[in-house]
Peer 1: 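I'd like to ask some things about the structure below.
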Protein chains: 2
Amino acid sequence: MDSSIKKKRARGRLSREMIEDAAFEVIEREGLSGFSMRKLAAALGCEAMSIYHHYPSQAHLYEALVDRQMNALVIPGDGLPWRERVRIGMQEFRRVATEHPAFAPFIVVYRMNSPPCLAKLNSIIGLFEAGGFGPELSARLFRAAGYYLMGGILDETAGYAKGPSAVTTVSSEEMARDFPSVVAAGAYFGTTGFDKTFDLGLEMLLDEMERIRDGARAATAKAGSDRGHSN
Amino acid sequence: MDSSIKKKRARGRLSREMIEDAAFEVIEREGLSGFSMRKLAAALGCEAMSIYHHYPSQAHLYEALVDRQMNALVIPGDGLPWRERVRIGMQEFRRVATEHPAFAPFIVVYRMNSPPCLAKLNSIIGLFEAGGFGPELSARLFRAAGYYLMGGILDETAGYAKGPSAVTTVSSEEMARDFPSVVAAGAYFGTTGFDKTFDLGLEMLLDEMERIRDGARAATAKAGSDRGHSN
DNA sequence: CTTGACAGCTTACACTGTAAGGTTCATTTT
DNA sequence: AAAATGAACCTTACAGTGTAAGCTGTCAAG
């Protein structure tokens, strides 16, 4: 009757939304590789296995995180000029992917196949189709633009701004003496300045796509597709 | 006494070269995340800890693998036209990185800082500098080209050709009905056909770089740099 | 012979994801 | 009110990870 100290545990405290919020936090704090179900549980004030009631596995949780990010992606409407739409679409993807920087590398290598992700992919590919390139060229331009986009996201979130991965380090004097071009280029890549580089390449790709679109592809596109059957 | 001239090594059967060869094999067989020191040891017929006599940590071993790959990269000589040199340089990087596909994703996110890697990077940046863009534009073009390159390598070695990452799957009927653009684009991306897409984007970038190089950048480069100061 | 360095092995520890099964409690049914 | 149900959460356990610490066997030099 005196009912020993009963730890009041609200039974339905845990929810998918709470778990996902906490997961993003833990990932940012501990890094993607430092993340674990036990650390997530600690952040939530529960046991690791409790999370498995809401997600059958860690992979399912990660997938939910990706879905969430992609749901936040806004596809530009068709009231805008074509170039603008493609530009905004790519910048939007970059924006949502870099919102949780530590998680971004996961998105980059993730092969999306869930309905929410496929819906966004479908819209983005539709953007390229709207350029009137025909099916094959639309597909390849989408993919090529995606290459650039993924590389850019990766550099911004996991690139040299995070310091070297290498275990062996080279002194500043050696760098200046032996690798002057690396040092010279490095001056333009501090923790800031990603936008400038990214936009440069983005506009280059948009320029070329518009050129192809305007039919002025006698040399350009031909060179690209002529060269494409090396195996 | 005369035996002091040359030292017959023949000490142990393990060597860095053997370990690295075996590491590449195990990584290809088990996948990057399936690789472990114990599996590597099993492949070598020794115990896991024996490897630590040759590499102080797994990170050191990985670094040695990257160094090896980069040492195999051939920088095109300056006897060739500029565009050709840049093209070959990028294709060479792609070639060596995709030689061990399962290891490629590691290279892509690896921040190289060892002397062998820096030497190659220095040469590649030098290729861009040789374009006469000036220091800043050289650096940014190198980086932008690198974005595209990394994204392409990632797609080829860890992309959709490997099947979906997602745990939830969507049936073919649903795909055709709800995501027609995805299905349409997917037709051009089987396990083969990477070259064609990659070369298309590569030539686009080369076109633009030559255009900038030829001074015809009134709209192009200006648009890119004007837009680059959002923060 | 001894000595000492080298190369590889054994053990142990703190971590990981998660399978299997136990416990508690809100809700519904009787 | 009492009993049953099932969702939500916890405990334990296992096979795997990287690697620190220390041990063993081999071999060349003194």
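All chains are named by letter (A, B, ...) in the order of the sequence lines, taking the proteins before the strands, and each is independently numbered beginning at 1. Computed from a predicted structure; not experimentally measured.
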Peer 1: Please collect all salt bridge (charged side-chain N to carboxylate O under 4.0 Å, His left out) contacts where either partner lies in residues 50-76 of chain A, sequence neighbours excluded, each pair once.
Peer 2: Glu20(A)-Arg68(A), Asp21(A)-Arg68(A)

Peer 1: Hey, could you give me each pair passing side chain to side chain donor-acceptor pair (under 3.5 Å) that has a residue in residues 141-161 of chain B? Not counting sequence neighbours.
Peer 2: Arg143(A)-Asp155(B), Tyr147(A)-Asp155(B), Asp155(A)-Arg143(B), Asp155(A)-Tyr147(B), Arg94(B)-Glu156(B)

Peer 1: Sequence neighbours left out, what passes ring pair (Phe, Tyr, Trp, His ring centres under 6.0 Å) with Phe189(A)? Give chain and number order.
Peer 2: none

Peer 1: Under the side chain to side chain contact (heavy atoms under 4.5 Å, CB included) test, which residues partner Ala158(A), sequence neighbours left out?
Peer 2: Pro105(A)

Peer 1: Under 3.5 Å, is there an N or O donor on one side and an acceptor on the other linking the side chain of Arg38(B) and the base of dG16(D)?
Peer 2: no

Peer 1: Atom CZ of Arg38(B) and atom CD1 of Ile51(B): how far apart are they, to the nearest 0.5 Å?
Peer 2: 10.5 Å

Peer 1: Provide, to the nearest angstrom, the distance between the CD atom belonging to Glu47(A) and the C1' atom belonging to dA13(D).
Peer 2: 14 Å

Peer 1: Nearest to the side chain of Leu14(B), which nucleotide is it out of dC9(C), dG8(C), dT17(D)?
Peer 2: dG8(C)

Peer 1: Expressed as a whole number of angstroms, how long is the span from Leu40(B):CG to dT19(D):P?
Peer 2: 12 Å

Peer 1: List the residues meeting ring pair (Phe, Tyr, Trp, His ring centres under 6.0 Å) with Tyr52(A), not counting sequence neighbours, and say none if there are none.
Peer 2: none

Peer 1: Among dT17(D), dC9(C), dC10(D), which nucleotide has an atom closest to any side-chain atom of Cys46(B)?
Peer 2: dC9(C)

Peer 1: Taking only heavy atoms on the protein side, list every residue of residues 49-63 of chain A lying under 4.0 Å from any atom of DNA chain D, sorted numerically.
Peer 2: Met49(A), Ser50(A), His53(A), His54(A)

Peer 1: Which whole-number value in Å describes the distance from Met37(B) CE to dA20(D) P?
Peer 2: 11 Å

Peer 1: When the distance from CZ of Arg13(B) to P of dG8(C) is rounded to whole Å, what number comes out?
Peer 2: 7 Å

